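Step one of this worksheet: look at the structure below.
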Amino acid sequence: MEEKFIVGLMSGTSVDGIDAALTRIIGSGNNTKVEVLNFITLDYSKEMRGKIFQAMDPERSSTPLICSLNFELGYCFADAVKKVCRDVQFELKRLNAVGSHGQTIYHIPQSESTYIPSTLQIGEPAVIAYQTKTSVISNFRVMDMAAGGQGAPLVPYIDYLLFKNQHKAVALQNIGGISNVTVLPENCSLEDVYAFDTGPGNMIIDELVRRFYGINYDPNGKYAKQGEISQPLLNEMMEDPYIKQFPPKTTGRESYGKAYVDRLLESWRRLSPNDLIATATYFTAKSIAQNYENFILSKHKIEEIIVSGGGSYNQALMTWLDILLPQLSIKTAGDYGVASDAKEAVAFAILANEFFSKHSANVPMATGAEKSIVLGNWTPYIDQK
């Protein structure tokens, strides 16, 4: 079977940096075999993070900012490709492609007022292609939305390829800025797979830690473990209608970002910083568990949860998840040979490979699309010398 060397790029809603995975992929579809040759995270500078957050904020953003940032991020993504290859002495000219998710600036999964369903990821693929002399596959979400889907989640297809099990039902829980779950019933086909965003992941926690301690995340759940859960605040947070909304459903920074934390601090400023962080962390765990109870466990006897993303390193969050779902065995993607923080970057390398193989890679049961369809836009690099 043909092999390809593809770099997958991911910059998520937490805006920590760019994840880059250099992969060797053999075959495609159900025959996909993937080997991770190197993985890095290229941290954003404080200035770049500020620009991205400003671009995401409807009250502070502008068309000149987004126009410029699209190209500036393209150079950042290209640097990540160069570094992930350079660190293992892998020559760029050996690359077959780059699969870039880009940076989501705004996502409208359903009609809102005068706005139609749409999504915007930036990080100009032409810049990546020119700087790396490599063809780029990008904009994976837009074709699913054109087909009536919500453009997310996209990772379920990868979860199916890598983690399906003939003998037991498993759930893949990614906890990044937002939390999302993929359900793989026992001995399932792709048509049996479904997925959705359960609600906030690290997003609220990270914003609180940033404001109180000036760092980007709660290391190992340090501050959450020092705080106490406020039951009145937790009760209020759990009234969030999204938690009870039936799938398919997706959410993002528009719901759980800066504006959410502004409202939280305005109403609950009497709580200590660590109590707020502890309650927000427990809310993430509780919202995940509630979604399992409402929409998953009544349909399938799930035996195992495989957790990935930055949240898998938060010991407080993982402990509370284990307590709230005692009937399930909780493991991490690392237990299966895929580093928890590398999984999404690897996913976009595989999606790029599926594009070249002309394989449909969305899961309509997850996104709500009318049909399965090939995802991605191709930006070829053609050197006429």
Side-chain angles (χ1 to χ4, degrees), residues 13-14 153 170-183 195-209 217-218 220-247 249-253 255-257 259-261 263-265 267-268 271-300 302-332 340:
T13 50
S14 293
V170 298
L172 283 297
Q173 183 70 46
N174 181 68
I175 308 177
I178 295 297
S179 288
N180 52 74
V181 62
T182 301
V183 181
F196 54 93
D197 289 350
T198 58
N202 305 312
M203 189 173 289
I204 301 171
I205 305 166
D206 290 350
E207 183 66 21
L208 288 169
V209 171
Y217 62 94
D218 186 2
N220 298 319
K222 169 185 174 181
Y223 299 115
K225 287 186 283 189
Q226 293 175 8
E228 295 185 4
I229 298 164
S230 166
Q231 194 61 49
L233 172 56
L234 178 64
N235 291 343
E236 179 181 298
M237 296 173 91
M238 287 301 296
E239 288 301 312
D240 182 347
Y242 182 84
I243 307 302
K244 302 171 185 177
Q245 181 181 327
F246 280 81
K249 58 180 181 176
T250 59
T251 188
R253 187 165 293 279
S255 298
Y256 299 109
Y260 183 101
V261 173
R263 294 192 299 271
L264 185 69
L265 294 178
S267 300
W268 294 90
L271 294 180
S272 73
N274 287 347
D275 287 354
L276 283 165
I277 293 167
T279 307
T281 304
Y282 192 85
F283 171 51
T284 288
K286 180 75 171 177
S287 62
I288 292 170
Q290 192 69 60
N291 273 276
Y292 275 61
E293 291 168 5
N294 290 348
F295 309 121
I296 299 174
L297 297 180
S298 60
K299 297 180 180 179
H300 301 285
I302 301 293
E303 298 183 32
E304 185 174 274
I305 302 175
I306 303 172
V307 183
S308 61
S312 66
Y313 299 103
N314 185 318
Q315 295 174 7
L317 176 55
M318 292 292 284
T319 296
W320 284 327
L321 197 58
D322 191 41
I323 291 170
L324 290 165
L325 294 168
Q327 71 275 43
L328 303 179
S329 170
I330 298 181
K331 297 184 178 181
T332 67
S340 292

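Excluded from the calculations below are hydrogen atoms, water molecules and symmetry mates; all remaining heavy atoms, backbone and side chain alike, are included. All of these numbers come straight from a predicted model, not from anything done at the bench.
With contacts defined as side-chain heavy-atom distances shorter than 4.5 Å, the pair Gln245/Thr251 does not qualify. Between Leu276 and Leu265, the closest side-chain pair of non-hydrogen atoms falls below 4.5 Å. The shortest distance between side-chain heavy atoms of Thr182 and Pro153 does not fall below 4.5 Å. Contact of the Ile305 side chain with the Tyr292 side chain is registered, since non-hydrogen atoms from C-beta on lie closer than 4.5 Å. Residues Ser308 and Leu172 have side chains not in contact (no heavy-atom distance under 4.5 Å, counting atoms from C-beta outward). Here the side chains of Thr284 and Ile204 are not in contact, with every heavy-atom distance at 4.5 Å or above.
In this structure, the separation between CD1 on Ile277 and CG on Leu208 is 6.0 Å, given to the nearest 0.5 Å. Note that CE of Met237 is 10.0 Å distant from CH2 of Trp268, once rounded to the nearest 0.5 Å. Of the inter-residue distances, the one linking Ser287 atom OG with Asp240 atom CG reads 8.5 Å to the nearest 0.5 angstrom. Within the model, atoms CD1 of Ile175 and CG of Leu321 stand 6.0 Å from one another, a figure rounded to the nearest 0.5 Å. Note that the CE atom of Met238 and the NZ atom of Lys286 stand 6.0 Å from one another [nearest 0.5 Å]. Atom CD in Gln290 sits 11.5 Å away from atom OG1 in Thr198 (nearest 0.5 Å).
The salt bridge (charged side-chain N to carboxylate O under 4.0 Å, His left out) test applied to Lys331 returns Glu304, not counting sequence neighbours. Evaluation of the salt bridge (charged side-chain N to carboxylate O under 4.0 Å, His left out) rule for Lys222 yields no partner, not counting sequence neighbours.
Closest approach of Trp320 to Ala278, counting heavy atoms only: CZ3-O, 3.6 Å. Across every non-hydrogen atom of Thr13 and Met203, the tightest pair is CB-CE, 3.4 Å. Scanning all heavy atoms of the two residues, the minimum distance from Thr250 to Asp197 falls at CA-OD2, 3.3 Å. Summarising the geometry of Gly311 relative to Leu317, their closest heavy-atom pair is O-CD2, 3.9 Å, with the distance given to 0.1 Å. Residues Ala171 and Val181 approach most closely at CB-CG2, 4.0 Å, considering heavy atoms. Heavy atoms only, all atoms of each residue included: Ser255 and Arg263 are closest at O-NH2, 4.3 Å.
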Self-check item: Check against side-chain contact (heavy atoms from CB on, under 4.5 Å), Tyr282 and Leu324
Solution: CA-CA 10 Å; Tyr282 192 85; Leu324 290 165; 3.3 Å; yes
Self-check item: side-chain contact (heavy atoms from CB on, under 4.5 Å) between Val183 and Phe295, worked out
Solution: CA-CA 10 Å; Val183 181; Phe295 309 121; over 6 Å; no
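Not one N or O on the side chain of Asp206 forms a donor-acceptor pair closer than 3.5 Å with the backbone of Tyr217. With hydrogens and angles ignored, the 3.5 Å screen pairs no side-chain donor or acceptor of Thr279 with any backbone N or O of Ile229. In this structure, the side chain of Tyr223 does not engage the main chain of Ile205 through any donor-acceptor pair within 3.5 Å. Put simply, the side chain of Ser267 never gets that close to the backbone of Leu264: no donor and acceptor are under 3.5 Å apart. Checking side-chain atoms of Asn202 against main-chain N and O of Gly176 turns up a donor-acceptor pair under 3.5 Å. A donor-acceptor contact shorter than 3.5 Å links the side chain of Asp218 to the backbone of Ala224.
Checking Gln231 against Asn235 by side-chain atom types alone, a donor-acceptor pair falls below 3.5 Å.
The local environment of CD in Glu293 is crowded, with over 12 non-hydrogen atoms from other residues, nucleotides or ligands closer than 6.0 Å.
Taking the six-membered ring for Trp and thresholds of 30 and 60 degrees, Phe283 and Tyr260 have nearly parallel ring planes, at less than 30 degrees apart.
Each of Thr332, Asn291, Ile288, Ile330 was compared with Gln173 under the side chain to side chain contact (heavy atoms under 4.5 Å, CB included) criterion, and only Ile288 meets it.
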